[in-house]
Amino acid sequence: MNRSTAIGAGSVVALVALSGYAISAGARNLFIVSWAAFAAMALAAPFGARARTEHAEGLVWGYGLASGAMVTSAAVFLVPQAIGHHPQFGGFGIAFGILAGFGAHTVGHRFAHMDFPMDRTVTELSAHAISAGAIIGIVYGNIDIGPGLGLAIVSHKGPAGYAAARRLSSRGESIYPLLLPAAGLGIAAVISSVVPLPETGPFRGIVFGFASGVFLHVAMDFLPRCEIGSEIHDLLSVEDEHAHAVLDRLRVHATLSTVLGGAAVFGAWLVLG
C-alpha cells in the first residue's frame, strides 16, 4: 500500500469516526449528505476505471443533471437565506463567493507543476471536497434545513469520480486514492458544523451569501462544455473534422440535462415543500 492509498483508507476511517459524532449530536441530515457524497464518488470510480469505450454522452448527462440541480438548489435554498439576513451584505457575499471560487479554481492550476504525495487530480479533487464540505457544515450547523440542498450540491461527485477514475486508470494508476476526496467532504462538513455564527444580520448575510456564490461557481464549473479541447471532446474517438457534428449533438443533451436537473429540484420542492 503506497502513501496515497494509505491516506485514502485513513480518510474513510476518519469519516466513520466523525459520523458517530454526527449521529450522537443529532446532525442526521449532515450524516446523510456526507455519506451520499462518499457513495456517489466511491461507487462511480470503479465504473470509470473499467471503462473501455467512450462515454461522452453519459458524462454530459451526469454533469448536466448535477450542475442543473446545484444551480437551482443554491438559488432556492441559500440565496434567499443570504438576502433575508441582509440584502446588501448578502449580495456582496454572493459576489465574493463567485469570485473566490473562480480565483481558487484558476490559481489551483498552478499546482500542476508542484510535487505532492499523491496524484494532482486527486489533490485538486480533495481540496475542492474539503472546501465545499467546510461550507456545507457551516450551513447545516446554523440553519434548520433538510438534506435536499446538500444532496443536490454533492450530486456532482458521481460524474466527477467517474471522470477522475477513468483518467487515473488510463495512466495505469490506482483509483484507491480517490477515497480521500470521497470522504473529505463529510470529514470537513462534520468538523465545521460545530462552528456557531454570530446572530447579526450583516455577518450571516455575508457568510450565507459567500456559500451561495461558491456553490453557484462550482455548479457553473460543472456545466458540460461541449467544445473543442474540453473534457467531453477528449472522450470522443472521432477525428476532429467529425468532432464538430458530434459536439453539436451533445450540446442538445447538455441543455436538456441541465434543465431536467433544475426541474427535478423544483418538482421535489413542490412535493416535499
Side-chain angles (χ1 to χ4, degrees), residues 4-5 7-9 11-12 14-16 19 31-71 73 118-133 136 147-189 215 218-226 230-236 250 253-254 256-258 260-261 264-265:
S4 57
T5 301
I7 293 173
S11 66
V12 178
L15 178 59
V16 171
S19 295
F31 172 86
I32 293 173
V33 172
S34 298
W35 280 99
F38 176 83
M41 179 168 281
L43 295 178
F47 291 100
R50 290 196 296 267
R52 293 292 180 268
T53 57
E54 309 303 335
H55 293 286
E57 186 173 301
L59 198 59
V60 166
W61 275 91
Y63 278 141
L65 289 169
S67 58
M70 290 173 67
V71 168
S73 296
M118 62 181 64
D119 180 84
R120 180 176 65 87
T121 297
V122 178
T123 301
E124 290 180 350
L125 285 174
S126 300
H128 170 270
I130 292 171
S131 58
I136 289 174
L149 168 66
L151 293 177
I153 288 173
V154 304
S155 59
H156 69 284
K157 302 288 281 184
Y162 177 93
R166 191 180 187 283
R167 197 175 302 126
L168 291 171
S169 181
S170 67
R171 300 199 298 259
E173 300 177 20
S174 171
I175 65 170
Y176 286 106
L178 288 174
L179 289 172
L180 174 57
L185 185 144
I187 293 172
F215 289 135
V218 172
M220 291 184 289
D221 195 44
F222 275 94
L223 287 170
R225 291 172 175 82
C226 305
S230 67
E231 182 179 16
I232 302 301
H233 173 247
D234 291 341
L235 287 176
L236 301 181
L250 290 176
H253 291 272
L256 290 174
S257 61
T258 53
L260 286 177
V265 173

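The model shown is predicted, which means the values in this text are computed figures rather than measured ones.
- With sequence neighbours excluded, no residue satisfies ring pair (Phe, Tyr, Trp, His ring centres under 6.0 Å) with Phe215.
- Note: Asp221 CG to His128 NE2 = 7.5 Å, rounded to the nearest 0.5 Å.
- For Ala219, the side chain to side chain contact (heavy atoms under 4.5 Å, CB included) partners two or more places apart in sequence, or in a different chain, are Met70, Val71.
- Closest approach of Val33 to Pro147, counting heavy atoms only: CG2-O, 3.9 Å.
- Between Ile130 and Ala188, the shortest heavy-atom distance links the atoms O-CB, 3.3 Å.
- Residue Ile136 holds its CD1 atom at 8.0 Å from OG of Ser34, rounded to the nearest 0.5 Å.
- The two residues Met220 and Arg225 make their nearest non-hydrogen contact at O-NH2, 2.9 Å.
- Taken to the nearest 0.5 Å, the OH atom of Tyr162 stands 14.5 Å off from the CG atom of Leu43.
- For Phe222 and Tyr63, the ring centers sit closer than 6.0 Å to each other.
- Closest non-hydrogen pair, Ala69 versus Ala152, comes out as O-CB, 3.9 Å.
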Donor-acceptor pairs are to be reported for all side-chain atoms of residues 171-183 against protein atoms at under 3.5 Å, with residues two or more places apart or in another chain.
{"from": "Arg171", "atom 1": "NE", "to": "Glu173", "atom 2": "OE2", "distance (Å)": "3.2"}
{"from": "Arg171", "atom 1": "NH2", "to": "Asp119", "atom 2": "OD1", "distance (Å)": "2.5"}
{"from": "Arg171", "atom 1": "NH2", "to": "Asp119", "atom 2": "OD2", "distance (Å)": "3.3"}
{"from": "Ser174", "atom 1": "OG", "to": "Tyr176", "atom 2": "N", "distance (Å)": "3.1"}

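- From Leu185, atom CG reaches atom CE of Met41 across 9.0 Å, with rounding to the nearest 0.5 Å.
- Remark: Thr258 engages Ser67, Leu223, Pro224 in a side chain to side chain contact (heavy atoms under 4.5 Å, CB included) (not counting sequence neighbours).
- Taking 4.5 Å as the limit, some side-chain heavy atom of Leu65 sits within range of a side-chain heavy atom of Leu260.
- By the side chain to side chain donor-acceptor pair (under 3.5 Å) test, His253 pairs with Trp61, sequence neighbours left out.
- Between Ala37 and Lys157 the shortest heavy-atom distance is O-CB, 3.9 Å.
- With sequence neighbours excluded, the residues that form a side chain to side chain donor-acceptor pair (under 3.5 Å) with Ser19 are Trp35.
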